[in-house]
> 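So that we are looking at the same thing, I have put the structure below in structure tokens.
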Amino acid sequence: MKYAVLSGNERFEIREGELKSNGCAVLQVTHVGVCGTDTSYWHEGERYRGVVIGHEYSGVVVAPGTNRALKPGDRVAGYTQNVFQEPCGHCEACLAGDWDH
């Protein structure tokens, strides 16, 4: 999977890494939004070094995982904001569907 990571003030780099789905749906992301949070992080990149930007997205379901409401080919939109770069899928907040925390 490819993702954009802040690497300094007004700098980012594209990285590739292993996809960890933890049973969640896997999406092929087609569009990513840039919001006010992303732009403030962009300007203060040294402070937020390593944070993945672009937490508002849309795409197509590749594999639904354990989510029975989804099927391959479904178009979806999502929002995540997680400074740890991915939901763990097993902490109290994730189990409650509170992906921001």
Side-chain angles (χ1 to χ4, degrees):
M1 134 179 109
K2 291 183 181 181
Y3 51 96
V5 178
L6 291 170
S7 59
N9 292 342
E10 298 184 4
R11 292 188 347 221
F12 69 91
E13 59 188 54
I14 302 298
R15 294 187 183 166
E16 289 192 50
E18 179 184 351
L19 177 65
K20 299 174 186 175
S21 69
N22 296 328
C24 296
V26 175
L27 311 177
Q28 178 180 359
V29 175
T30 57
H31 297 84
V32 176
V34 175
C35 74
T37 301
D38 291 322
T39 57
S40 65
Y41 285 9
W42 163 258
H43 292 298
E44 298 181 55
E46 284 299 323
R47 182 174 173 199
Y48 297 101
R49 183 180 288 272
V51 171
V52 176
I53 56 176
H55 60 260
E56 298 163 349
Y57 54 89
S58 63
V60 179
V61 175
V62 175
T66 58
N67 188 328
R68 294 182 182 172
L70 298 173
K71 64 183 183 310
D74 283 349
R75 294 175 184 255
V76 295
Y79 166 86
T80 58
Q81 186 170 358
N82 186 323
V83 296
F84 297 108
Q85 303 177 21
E86 65 181 19
C88 70
H90 62 271
C91 74
E92 186 176 321
C94 285
L95 292 173
D98 188 4
W99 304 114
D100 278 354
H101 297 100

> Which pairs count as side-chain hydrogen bond (donor to acceptor under 3.5 Å, both in side chains) when at least one residue sits in residues 58-72, sequence neighbours excluded?
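For residues 58-72, and leaving out neighbouring residues, the side-chain hydrogen bond (donor to acceptor under 3.5 Å, both in side chains) pairs sorted by first residue read Lys71-Asp74.
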> Restricting to non-hydrogen atoms, name the atom on Val62 and the atom on Leu27 that form the minimum distance, rounded to 0.1 Å.
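Residues Val62 and Leu27, closest heavy atoms: CG2-C, 4.1 Å.
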> What heavy-atom pair brings Ala25 and Leu70 nearest, and what distance separates the two atoms?
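Looks like CB-CD1, 3.8 Å.
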> Compare all side-chain heavy atoms of Val34 with those of Trp42 and state whether any distance is below 4.5 angstrom.
no
> Should we count CZ of Phe12 as having more than 12 external heavy atoms under 6.0 Å?
no
> What distance separates Glu10 CD from His43 NE2, expressed to the nearest 0.5 Å?
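It is 5.5 Å, given to the nearest 0.5 Å.
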> Count I, L, V, M, F, W, Y as connected when their side-chain heavy atoms are under 4.5 Å apart, and connections chain through other members. Are Tyr41 and Ile14 then in the same cluster?
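Both belong to a single hydrophobic cluster.
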> Are Val26 and Met1 linked, directly or through intermediate hydrophobic residues, by side-chain heavy-atom contacts shorter than 4.5 Å (ILVMFWY only)?
yes
> For Arg47, enumerate each residue passing the side chain to side chain donor-acceptor pair (under 3.5 Å) test, keeping only those at least two apart in sequence or located in another chain.
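For Arg47 the side chain to side chain donor-acceptor pair (under 3.5 Å) partners, ignoring immediate neighbours, are Glu44.
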> Check this for me: Gln28, atom CD, are more than 12 non-hydrogen atoms of other residues, nucleotides or ligands nearer than 6.0 Å?
no
> Under a single-linkage definition using a 4.5 Å side-chain heavy-atom cutoff for Ile, Leu, Val, Met, Phe, Trp and Tyr, are Val29 and Val60 assigned to the same hydrophobic cluster?
no
> How close do Tyr3 and Gly17 get, counting heavy atoms only, and between which atoms?
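Looking at all heavy atoms of both residues, the shortest contact is CE2-N, 3.8 Å.
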> Give the minimum heavy-atom separation between Ser7 and Arg49, together with the two atoms involved.
O-NH1, 2.8 Å
